[in-house]
Amino acid sequence: MDGQVCLIVGAGEGIGRACAEAFVGEGTRVVLVARDANRLTNLAVQIKASTGSQAVTIAADLATPNVGRRVVDAAMAGFGRIDSVIAVATMAGRAALVDLDMDLLRQTFEVNVIGTLDVSRCAARVMTDAGRGGAIVHVSTLGTHSLPEKQSPYTATKAAMVSASMTMAKELGPAGIRVNVVTPGYVTGAPLDQLCEHVAGNEGIEPGAVSERLASTAALRRHVDPSDLAQAALFLAGPTGRNITGVELRVDAGQKVGP
């Protein structure tokens, strides 16, 4: 993948950061997009120090109008091409449906559906014009299958994104652009730690016990790491995945099938 350019949306931490590191490790130049400019700068500095590769950073909120054009224009100004898009950025609106603030639902749709698809469609136009094909990978959530309570804004918007991704795969196939979805289970990192601490506080137990209980609901009895998702995205976006499109790949340690 030497010389290729990957646009990573939501690259500040976690899965997005792991994707940046994985793609750079394969010789790909990266365009890093996130809301937090400081995190982007720190990641770009680390990439430069460890690999010598210069990353383009773009501070952007997916909920803003015309975000796709702005991000893609900046990527093209920096590197002159886009070969793949990895869309990780998400908003996890949480509330019971009957109590839901409609503004929260609209904002969640803006980030998880409209903003994500806007960046992808603008990048797809560039890929189509270049005639080299390309790849788009969107990151979903296992909640679209398990449908946990009080997460309807999150799960509904991610389900809409998955549906649109499959349609994009059909539409962009003739241009050689592949579109796939990676769906994680419980991913190690700050969000999972916060969830375990919240549950532990409600139940009067240790966070570690909550983590073990959640892991026990997966067939492999463990959580997944951000690097696991990054390797899946790398496989789907790289030459080894050249004949894979319209697929939702679960990287969940067997969470959906259960113990």
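When side chains are defined from C-beta on, Val31 does not count as touching Cys6, because their heavy atoms never get closer than 4.5 Å. Side-chain contact between Val9 and Ile86 is absent, with no heavy-atom pair separated by less than 4.5 Å.
At a threshold of 4.0 Å, the pair Asp118-Arg121 counts as salt-bridged, since one of the basic side-chain nitrogens sits closer than that to a carboxylate oxygen. One finds no salt bridge joining Lys256 and Asp252 here, because no Lys/Arg side-chain nitrogen approaches an Asp/Glu carboxylate oxygen to under 4.0 Å. The existence of a salt bridge linking Arg106 and Glu110 is excluded, since no basic side-chain nitrogen approaches an acidic carboxylate oxygen closer than 4.0 Å. The pair Arg222-Glu212 does not count as a salt bridge, with every side-chain nitrogen at least 4.0 angstrom from each carboxylate oxygen.
Judged as a side chain to side chain contact (heavy atoms under 4.5 Å, CB included), and not counting sequence neighbours, the contacts of Ala164 are Leu117. In this view, Ala219 and Val257 satisfy the side chain to side chain contact (heavy atoms under 4.5 Å, CB included) rule, not counting sequence neighbours. Partners of Asp101 according to the side chain to side chain contact (heavy atoms under 4.5 Å, CB included) rule, which considers only residues two or more places apart in sequence or in another chain, are Asp103, Leu104.
Between the side chain of Thr144 and the main chain of Lys158, no donor-acceptor pair closer than 3.5 Å is present. A donor-acceptor pair is defined here as one N or O able to donate and one able to accept, closer than 3.5 Å; such a pair exists between the side chain of Thr217 and the backbone of Leu214.
Using modelled atom types, one finds no donor on one side chain facing an acceptor on the other under 3.5 Å when comparing His138 with Thr116. For the 3.5 Å distance criterion, the side chains of Thr28 and Gln4 fail to qualify, holding no donor opposite an acceptor.
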